[in-house]
Amino acid sequence: MLAILPAPDHVGAYRLSHTLTEDDLERIITDIESRLERHEQLGIVADLTDFTDMTLKAAWKDARYSLSKLWELRRFPREAVVTDSGWLSGFVGLVNPAIPFVTVRAFKPGEFEEALAWAGDIEGGPNA
């Protein structure tokens, strides 16, 4: 299940809960692409606090979309992951240095507003 959360226009904020479907992922992609038409760079916030799984079709769609953006990583300079999962926070710490041009940071569920502000603090801000 997906909720697109209120955020500045240069930030895509999403709450993923329970099982993410292919339709949910299509809504995320549509939202991101719409924002990319208006902004050169986007911050991303993914609240994964209640996320448990994704369907195989959603995983496949996510992988294809992520690969299609591989040459555009500079357009996503900050990505915040909101989670109460220790292993996921640790994973974010491991992958952060491995993704060129992108800084990924984990936040606790009570720090959502901080995550939103951090993800939006990119060069150009709302005019990015």
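Residue numbers run from 1 in the order of the sequence given. Only a predicted model underlies this, so the values are computations on that prediction, with no experimental measurement involved.
- Taking hydrophobic clusters as Ile, Leu, Val, Met, Phe, Trp and Tyr residues chained together by side-chain heavy-atom distances below 4.5 Å, Met54 does not share a cluster with Leu56.
- When every heavy atom of Ala80 is checked against every heavy atom of Phe107, the shortest pair comes out as CB-CE1, 3.6 Å.
- Put simply, the side chain of Val82 reaches to within 4.5 Å of the side chain of Val45, judged on heavy atoms.
- With no hydrogens or angles considered, no side-chain donor-acceptor pair links Asp50 and His18 at under 3.5 Å.
- Follow the hydrophobic side-chain contacts under 4.5 Å out from Leu94 and you never reach Val102; the two are in separate clusters.
- A continuous path of Ile, Leu, Val, Met, Phe, Trp and Tyr side chains, each step under 4.5 Å between heavy atoms, connects Phe112 with Val11, placing both in one hydrophobic cluster.
- When all heavy atoms are compared, the tightest approach of Arg15 to Asp47 is NE-OD2, 3.1 Å.
- Among all heavy-atom pairs drawn from Ile122 and Gly43, the shortest one is CD1-N, 4.0 Å.
- No side-chain heavy atom of Leu2 sits under 4.5 Å from any side-chain heavy atom of Phe51.
- A side-chain donor-acceptor contact under 3.5 Å links Tyr65 and Glu33.
- Cluster membership check: Ile28 shares its hydrophobic cluster with Leu70, using side-chain heavy-atom separations under 4.5 Å among Ile, Leu, Val, Met, Phe, Trp and Tyr.
- The two residues His10 and Pro126 have their closest heavy-atom pair at ND1-CA, 3.3 Å.
- In the model, Asp23 has no side-chain atom that pairs as donor or acceptor with a side-chain atom of Thr21 under 3.5 Å.
- In this structure a side-chain-to-backbone donor-acceptor pair under 3.5 Å is present from Glu111 to Lys108.
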Evaluate side-chain contact (heavy atoms from CB on, under 4.5 Å) for Tyr14 paired with Leu16, printing each intermediate quantity in order.
-> CA-CA 6 Å; Tyr14 313 98; Leu16 288 60; 3.8 Å; yes
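- Looking at Met1 and Thr19, their side chains never come closer than 4.5 Å, going by heavy atoms from C-beta outward.
- Within the model, atoms CD of Gln41 and CZ of Phe101 stand 11.5 Å from one another, a figure rounded to the nearest 0.5 Å.
- Placement of Phe76 and Val81 within a single hydrophobic cluster is found when ILVMFWY residues are connected by side-chain heavy-atom separations under 4.5 Å, directly or transitively.
- Using modelled atom types and a 3.5 Å distance limit, the side chains of Ser34 and Asp31 yield no donor-acceptor pair.
- Annotation for Ala58 and Leu25: closest pair O-CD2, 2.9 Å, computed over non-hydrogen atoms.
- No donor-acceptor pair closer than 3.5 Å links the side chain of Arg75 to the backbone N or O of Leu42.
- Listed here is the closest heavy atom pair of Asn96 and Thr103: OD1-CA, 3.3 Å.
- Ion pairing of Arg35 with Glu40 is absent here, as no side-chain N (NZ or NE/NH1/NH2) approaches a carboxylate O to less than 4.0 Å.
- Using a distance-only test at 3.5 Å, with no hydrogens or angles considered, no donor-acceptor pair links the side chain of Arg74 to the main chain of Pro100.
- With salt bridges taken as basic N to acidic carboxylate O contacts below 4.0 Å, none links Arg78 and Glu123.
- Looking at Ile32 and Ile44, their side chains come closer than 4.5 Å, going by heavy atoms from C-beta outward.
- Contact check for Leu48 versus Leu88: side-chain heavy atoms found under the 4.5 Å cut-off.
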Please walk me through it: do Lys61 and Ile29 pass side-chain contact (heavy atoms from CB on, under 4.5 Å)?
-> CA-CA 10 Å; Lys61 187 174 202 74; Ile29 291 169; 4.1 Å; yes
